[in-house]
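Since the structure comes first, as structure tokens, the remarks are kept for the end.
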Amino acid sequence: GGATGAARRRAGVQRDHLAPRAGAGAEELQRLLEGDNHAMRDALKAAMRDPVFAPHYDLPLARDRELAYQRLRRLCSLDLWSVKDFVGDNPYRIFAAHEVAGMCDGSMATKMTVQFNLFGGTVMKLGTERHHGDFLRRMDRFEQVGCFALTELGFGNNAVEMQTTATYDPETDELVVHTPSTLAQKYWITNGAVHAHWAVVFARLLVAGKDHGIHGVMVRIRNDDLSVCEGVRVEDMGHKMGCNGVDNGKLWFDHVRVPRGALLDAFSQLEKGGVFRSGISKPRNRFLKVADQLLSGRICIAAMCLSGAKGALLIAVRYAHSRLTVGPKGKSDTPIFHYQLQQRALMPLVARTYACNFGLAHTKRVWAAARGGTAEQQEQAVLHCCALKPVVTWHLENTATTCRERCGGQGYLSCNKFGNIIGFAHAGMTAEGDNRVLMQKVAKELLAAVAHGRHCLAAPEGPAAQADLLDLPTLLGAFRAREALRLTELGTRLQSRLGEGAKMFDVWMGEESDLVQASALAYGERICLEQFMAVLRAPETPGKALLEQVCQLYALSALESDLSQCLTEGLLSVQQGRAVSELCRDLCRRLSDHAVLLVEAFGIPSWLVNAPIALDWERFNEVDNRGEIVPAWAGHPNTNLGGPGLGREFPLLPDLGFR
């Protein structure tokens, strides 16, 4: 049917306010943000036009999981990346795959990161030729699905307490994998409940009564027909608050026998008869080696979660430009994005997304350089990965929650995606290391590096009284001083309390947790600012004038969020604190004219946006859509069918605009 005059006017306003208004084009900025593997990213996005990627919400658990599985299998059939990328000359390819996957489906992305990073990367790095061969190809094609059985119910990944055992039997030349207690069951095992054929099981290697520490053992848990193997017990963890396309399971092993060759033996070998050799002398260090994929996994988690933040902002900014509300004349003629409330909520999140993007890109380079690199390079990789994963995933949670709120009731509808994104954020905040625990590690490693002269601190002095707080070098100086102040204060307090006879554990865990967390966050935020500024210095960077303002807003809004502590520390004066908020307000106002350009540069095509409020939400509500993009009565996701009694075609989302 034809649109009403009001609808036409609304569509006209929508088009007007969605017109980009900046010197640099969205495509140029998109390529800058992507950084690498542009053709592969484009191919993955194009493949996601396939009907299997059409969004569905009110699904039974089994269907939700099958959909995530089929989506990942469809992408794997393209042969665009490989588990071998972790050791090849383009490790960025597999991180790019995670970024694109995060634009579409958090469940699919989660299954991807377990299949390729945790399971596949572990087999690739810790295994030898007998574990590789054609098996890696079948892994790449998602024909052989794996899981990573590290976490135990009672002990997480605490190697000292982990109870699962792999005992060598010299009579049969086999390893006997066993779960000795309820607390030893492998817990939260992604792909484990339904789809995995194999598990890399982390167990204490026992040979002739001697414990050689935690090692990875390949254990078949399902046959090709997906029947569970003898001696393996699988329990489904059921429905969760998010990412229900992920089949999380609990695994038990009742004296399951596997060949001696199932031991992943690149660093530790077990010969027939029970002779054990290892190039790594300490059992604790053996565990750190076998758990090495958790490091690159933090990059994978951050990559896919950053795409979630981009998607949330694209939806919220588009809706804020098309949703009209009461203006100065009392008419519904003013887009809500014209209001300072909306700009102040969304623009700092856009700026932080750009900063996180550049900080994460640098972290990928640091990690890649550390492969086979020096001890110092490896230390830097640990620090960067452990800091950026929390910074990005916390940013996703804050972004998704804020965008949901700023979109009002529409944001509460599942089909507008914020609910899924919030669940995805909470998964990212916990997976591959709880964020707060990782930040403790960052602070601990930084203190050690400072003590041994491997990490130089700036002078712990804030900006001069008359300093220009829009000057980026001045802002970077403030970020460096903030980091130095907190690490110095933390070190001083620790030394003082230890000198009084206090125990390190008690002080660290019971007295100085706030400062530990603040120090690590200051480090992560400083990395993001430094890398944003490095991008601005590059001669080929497009849209520098615009991006400089985005960078200013990132830095100032980070200080504004931390203003109370910056004031009490003396990093900023009261006058400077006032100026920080004033400058943030002004930058939000100035950048609001470019908001659409900045979010369109995230490079998320309409068929992956797939939220009615980001497209033609008026047309979406012309029919009884029941909150679904694809109606439940449709025989196929690509079919335009009217529901019972509707008498006309259902307007599927790809027809709603912004192609």
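Computed from a predicted structure; not experimentally measured. Scope of the values below: all heavy atoms of this structure, side chains included, with no hydrogens, waters or symmetry mates.
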Exercise for the section: Not counting sequence neighbours, which residues clear side chain to side chain contact (heavy atoms under 4.5 Å, CB included) with Glu405? List them please. Expected result: none
Handout entry: Contact check, side chains of Glu569 and Gln565, non-hydrogen atoms, under 4.5 Å
Key = yes
Practice task
Check the side chains of Gln517 and Arg436 for a donor-acceptor pair under 3.5 angstrom, ignoring hydrogens and angles.
Solution key: yes
Exercise for the section: Compare all side-chain heavy atoms of Lys111 with those of Asn191 and state whether any distance is below 4.5 angstrom. Expected result: yes
Problem - Residues, nucleotides or ligands: over 12 heavy atoms within 6.0 Å of Lys45 NZ - result: yes
Handout entry: N-O pairing of Asp506 and Arg497 below 4.0 Å
Key = no
Handout entry: Flag, side chain of Asn416 to backbone of Gln410, donor-acceptor distance under 3.5 Å
Key = yes
Practice task
Take Phe337 and Tyr319 through the side-chain contact (heavy atoms from CB on, under 4.5 Å) test and state the conclusion after the steps.
Solution key: CA-CA 9 Å; Phe337 199 74; Tyr319 183 57; over 6 Å; no
Handout entry: The single option from Thr488, Leu515, Val507 passing side-chain contact (heavy atoms from CB on, under 4.5 Å) against Arg493
Key = Leu515
Problem - Heavy-atom pair of closest approach, residues Ala309 and Leu396 - result: N-CD1, 3.2 Å
Handout entry: Validation row: Met347, Leu553 side chains within 4.5 angstrom (heavy atoms)
Key = yes
Problem - Heavy-atom side-chain contact between Leu118 and Leu294 under 4.5 Å - result: yes
Problem - Gln340 side chain to Arg585 backbone, donor-acceptor under 3.5 Å - result: no
Exercise for the section: Determine, step by step, whether Leu556 and Leu470 satisfy the side-chain contact (heavy atoms from CB on, under 4.5 Å) criterion, reporting the C-alpha distance in whole Å, the side-chain angles of both residues, the deciding distance to 0.1 Å, and the verdict. Expected result: CA-CA 8 Å; Leu556 288 164; Leu470 286 176; 3.9 Å; yes
Handout entry: Over all atoms of both residues, closest heavy-atom pair of Pro390 and Met439
Key = CB-CE, 4.0 Å
Handout entry: Listed once per pair and sorted, the side chain to side chain donor-acceptor pair (under 3.5 Å) pairs that draw on residues 445-457, sequence neighbours left out
Key = Glu379-Arg454, Lys441-Glu445, His455-Glu483
Handout entry: Thr401 side-chain N/O to Asn398 backbone N/O, donor-acceptor pair under 3.5 Å
Key = no
Problem - From CA spacing to verdict: side-chain contact (heavy atoms from CB on, under 4.5 Å), Cys551, Leu529 - result: CA-CA 7 Å; Cys551 188; Leu529 179 57; 3.7 Å; yes
Problem - Ring centre gap for Trp81 and Phe95 strictly below 6.0 Å - result: no
Problem - Nearest-0.5 Å distance that lies between atom SG in Cys300 and atom CZ in Phe86 - result: 4.5 Å
Practice task
Just grab all the salt bridge (charged side-chain N to carboxylate O under 4.0 Å, His left out) pairs involving residues 353-371, residues at least two apart or on different chains.
Solution key: Glu99-Lys364
Problem - Asn90 and Asn37: side chain donor to acceptor below 3.5 Å - result: yes
Handout entry: Gap between atom CZ of Arg298 and atom CG of Asn117 - 0.5 Å precision
Key = 10.5 Å
List, one per line, each side-chain donor-acceptor pair under 3.5 Å for residues 354-363, sequence neighbours excluded.
from: Tyr354; atom 1: OH; to: Leu598; atom 2: O; distance (Å): 2.8
from: Asn357; atom 1: OD1; to: Lys310; atom 2: NZ; distance (Å): 2.7
from: Asn357; atom 1: ND2; to: Leu33; atom 2: O; distance (Å): 2.9
from: His362; atom 1: ND1; to: Gln531; atom 2: OE1; distance (Å): 3.3
from: Thr363; atom 1: OG1; to: Gly359; atom 2: O; distance (Å): 3.0

Handout entry: The single option from Glu461, Glu525, Glu530 passing salt bridge (charged side-chain N to carboxylate O under 4.0 Å, His left out) against Arg480
Key = Glu530
Fill in the blank from the handout: With sequence neighbours left out, the residues meeting side chain to side chain contact (heavy atoms under 4.5 Å, CB included) with Ala427 are Cys243
Practice task
Ignoring hydrogens and angles, tell me if any N or O in the side chain of Ser107 forms a donor-acceptor pair with the backbone of Gly245 under 3.5 Å.
Solution key: yes
Problem - Exercise: identify the closest heavy-atom pair between Val442 and Ala387 - result: CG2-N, 3.7 Å
Exercise for the section: Determine yes or no for a side-chain-to-main-chain donor-acceptor pair under 3.5 angstrom, with His395 supplying the side chain and Val391 the backbone. Expected result: no
Practice task
Give a yes or no on whether the backbone of Gly428 and the side-chain of Lys389 come within a donor-acceptor separation of less than 3.5 Å.
Solution key: yes
Handout entry: Pairwise side-chain contact, Leu29 with Leu547, heavy-atom cut-off 4.5 Å (strictly under)
Key = yes
Exercise for the section: Please check if the side chain of Arg318 supplies one atom and the backbone of Ala614 the other of a donor-acceptor pair under 3.5 Å. Expected result: yes
Handout entry: Closest approach of Arg93 to Leu80 (non-hydrogen atoms, all atoms of both residues)
Key = CD-O, 3.1 Å
Problem - Approximate separation, where rounding is to 0.5 Å, of Thr541 OG1 and Glu28 CD - result: 11.0 Å
Problem - Polar contact flag, side-chain donor to acceptor under 3.5 angstrom, Asn248-Lys240 - result: yes
Problem - Nearest-0.5 Å distance that lies between atom CG in Asn610 and atom SG in Cys104 - result: 8.0 Å
Exercise for the section: State yes or no: are the ring centers of Phe418 and Tyr412 separated by less than 6.0 Å? Expected result: no
Practice task
Mind checking the CG-CG spacing from Leu446 to Leu490? Nearest 0.5 Å is all I need.
Solution key: 10.0 Å
Fill in the blank from the handout: Minimal heavy-atom distance between Ala579 and Leu469, with the atoms involved, is CB-CD1, 4.1 Å
Exercise for the section: Mark yes when over 12 heavy atoms from residues, nucleotides or ligands other than Glu511 sit less than 6.0 Å from its CD; otherwise mark no. Expected result: yes
Practice task
State, without any angle test, whether Thr474 and Asp468 hold a side-chain donor-acceptor pair at a distance under 3.5 Å.
Solution key: no
Problem - Donor-acceptor contact below 3.5 Å, side chain Ser581 vs main chain Arg578 - result: no
Problem - Nearest heavy-atom neighbours spanning Phe424 and Gly102 - result: CE2-O, 4.4 Å
Problem - Flag side-chain contact, heavy atom, 4.5 Å: Cys584 against Pro348 - result: no
Exercise for the section: Give a yes or no answer on whether the side chain of Gln115 reaches the backbone of Gly120 with a donor-acceptor pair at less than 3.5 Å. Expected result: no
Problem - Asp36 and Arg31 ion-paired at < 4.0 Å - result: no
Exercise for the section: For the pair Leu150 and Ile189, evaluate side-chain contact (heavy atoms from CB on, under 4.5 Å) and give the outcome as yes or no after the intermediate values. Expected result: CA-CA 8 Å; Leu150 173 64; Ile189 309 305; over 6 Å; no
Problem - Side-chain heavy-atom pair Ile422, His426 within 4.5 angstrom cut-off - result: yes
Problem - Side chains of Gln30 and Glu34, donor plus acceptor under 3.5 Å - result: yes
Problem - Ser414 vs Asn420 side-chain heavy atoms within contact, under 4.5 Å - result: no
Completion exercise
In this structure, CG of Leu314 is separated from CG of Leu608 (nearest 0.5 Å) by 10.5 Å
Practice task
May I ask you to check whether Ser296 and Gln293 show a side-chain donor-acceptor distance below 3.5 Å?
Solution key: yes
Problem - Donor-acceptor under 3.5 Å (Arg404 side chain, Gly408 main chain) - result: yes
Using a 3.5 Å cut-off and no angle test, enumerate the donor-acceptor pairs between side-chain atoms of residues 532-540 and protein atoms at least two apart in sequence or in another chain.
none

